[in-house]
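I have placed the structure first, in the form of structure tokens, so that the comments after it can refer back to it.
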Amino acid sequence: MSDVFDITRWRPAPYLPQAEARDPALIFVIAVLCFLACLTALGALAGDRGARGWTGQLVGEATVIVRARGGETPDAAAARAAEALAGLPGVTEVRALEREKAYELIRPWLGDIADLDDLPVPRLVAVTLDRKQPATATALDKALKAQGLDAVVDDHSMWIKDIRRAAGVVRGTAIAIFVLIAGAAGAVVAFATRAGLAARRDVVEVMHLIGAEDSQISSLFELRFARIAALSGAIGAASAGLLGAVLRMIGGGAGITPALPIAWIDLLAVLPCPVLAALVAALAARVTARRLIKGL
Amino acid sequence: MSRNANAAAGDASADEILRFTNVSMRYGRGPDVLSDVSLSLPRGSFHFITGVSGAGKSSLLKLIYLAARPSTGAFRLFGEDVTRMSARDLPMARRKIGVVSQDLLLLDHLSAFDNTALPLRIAGHKPAEYRNDVAELLTWVGLGARMQALPPTLAGGEKQRLAIARAVVGRPEILLADEPTGNVDHEIALRIYRLFVELNRLGTTVIIATHDQDLVARSGRPVLHLDKGRLTPLASQGPVA
């Protein structure tokens with residue numbers, strides 16, 4: 001080593017070595033866990049969006065089944081029902097479906113019958129509801145009864161209940177997986193921080209001996225491990241964001257599958273990852289360093 | 001017995017730097033490693049601590065450099081009751097103590113210069129304030145040409161002197177050394193001893209734990225002899241010409 005030493009150019013070296021041999025492995029492990037956590041977060045958001053979409057579509061519509069009475073033709077009864085419902089508060093559009101639509105619905109059960117006109121096939125009236133303040137099934141039913149119509153209102157409530165339950169399961173599962181993976185990532189960060197700190201026990205001992213305050217010692221490790229975790233978190237988040245963007249581009253608005261529609265805005269969910277990873281690492285470093293100092 | 005020799009506790013003096021009164025110490029639930037130790041040391045004194053391995057020399061030093069607290073008894077350092085000192089006050093007290101531990105505790109990734117400057121950095125001094133002092137000190141201990149060297153590249157004696165330089169750079173009131181000449185040859189041992197004498201001449205209280213009876217005998221300095229954790233008088237104790 002050169003012994004030519006210009007004291008005026010001397011700058012204090014960092015208390016801790018700039019890089020350690022185990023750093024790349026630590027960065028890789030934390031990055032993978034952050035990647036999985038971000039991916040699960042994107043999955044949870046997409047699942048939630050999908051579930052909202054299904055229920056939203058069903059909540060906005062109702063179907064009225066109209067049966068003709070007396071000498072009235074089914075088409076005339078359907079037209080009268082449409083007229084009775086149009087203009088009701090919470091109803092935005094009413095459309096009496098053509099008889100072919102009704103035939104299509106019963107064809108799977110009755111097969112191709114030559115003359116369906118001989119059968120008393122009910123007609124359908126599609127009602128589009130105001131999504132913000134939809135008319136209730138009772139209000140629709142009341143309006144139809146007032147016109148003396150034999151009609152049944154189906155507001156899809158049975159389906160909505162099932163779909164909401166399914167959406168809740170999807171959302172809950174995604175959140176549980178996210179919490180599990182985020183927890184595992186946090187535990188790995190904490191464990192790695194402890195191991196790294198134990199390996200630098202010499203620095204802790206020397207600084208303690210020469211009169212460093214506990215906060216001075218722990219802040220060194222907090223900074224170091226927060227920096228490593230932030231870098232790992234950024235790598236993991238960027239990878240997950242990139243994968244999300246690819247899925248969004250391949251599948252368009254519906255994502256890779258209509259069940260998990262990814263929106264561009266969802267990709268922002270990965271942004272807090274580096275900060276959260278850094279916070280967990282800093283906290284773990286602080287707790288471990290303080291414990292180590294106490295044990296000296 | 002000389003003025004610097006160990007004195008029984010009880011004569012409170014404004015000039016004393018430390019005082020043990022019936023101090024005992026144990027690790028966890030183990031047996032006492034120090035039993036009923038009472039002593040008082042004046043400022044600017046120079047003492048050796050002797051005793052066989054396991055006699056309690058390192059434990060006594062640990063108490064003095066505040067790495068441990070007495071199990072029983074009273075310990076006053078710099079006029080303060082250590083047993084009542086809060087954990088927050090300990091770092092400030094430690095800054096007044098220079099320690100050369102048996103395993104030296106040098107940081108291998110820092111140069112000799114950075115290792116020496118550590119206590120001053122920790123104390124919050126700016127590099128411009130101390131870099132000349134550090135360089136001067138390293139030159140004084142004979143490492144002027146090795147300032148950039150990393151500890152693993154230094155010889156045993158150089159490491160010892162580096163540890164001493166780090167221990168004294170903050171101008172401590174007490175310098176403690178645990179077997180500072182244990183791993184060096186006779187010539188280096190004498191050189192290191194002369195460093196301690198010079199520091200003591202400048203006003204630092206020096207306490208050295210050692211097995212080196214030859215060095216103790218040559219020095220003529222007072223001795224605190226430990227036997228199974230108890231401070232015992234030595235038949236040969238006293239200045240040796």
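Residue numbers begin at 1 in each chain, while the letters A, B, ... track the order of the sequences.
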Give the minimum heavy-atom separation between [X] and [Y], together with the two atoms involved.
X        : Y        : answer
A:Val203 : B:His109 : CG2-CE1, 3.9 Å
A:Ile210 : B:Arg95  : O-CG, 3.7 Å
B:Asp114 : A:Pro12  : OD1-CA, 3.6 Å
A:Val206 : B:Leu105 : CG2-O, 3.0 Å
A:Ala13  : B:Leu110 : CB-CD2, 3.7 Å

Mark yes when over 12 heavy atoms from residues, nucleotides or ligands other than [X] sit less than 6.0 Å from its [atom1]; otherwise mark no.
X        : atom1 : value
B:Lys159 : NZ    : yes
B:Glu198 : CD    : yes
B:Arg26  : CZ    : yes
A:Gln133 : CD    : no
B:Tyr27  : OH    : yes
A:Ile265 : CD1   : no

Inset, instruction - Look up atom CG in A:Leu209 and atom CG in B:Leu118, then write down how far apart they are to the nearest 0.5 Å. - result: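 Going from CG on A:Leu209 over to CG on B:Leu118, the span is 11.0 Å.
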Inset, instruction - Rounded to the nearest 0.5 Å, what's the gap from CD1 on B:Ile122 to CD1 on A:Ile217? Could you check? - result: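 These two atoms lie 7.0 Å from each other.
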Inset, instruction - For chain A, find which of B:Arg121, B:Arg131, B:Arg166 contributes the most heavy-atom pairs closer than 4.5 angstrom. - result: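 That would be B:Arg121.
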Inset, instruction - For A:Glu213 and B:Pro91, indicate whether the former's side chain and the latter's backbone hold a donor-acceptor pair under 3.5 Å. - result: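 Judged by distance alone, no pair lies under 3.5 Å.
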Inset, instruction - Heavy-atom distances under 4.5 Å only: say whether B:Asn115 touches chain A with side chain, backbone, both or neither. - result: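 B:Asn115 has no heavy atom closer than 4.5 Å to chain A.
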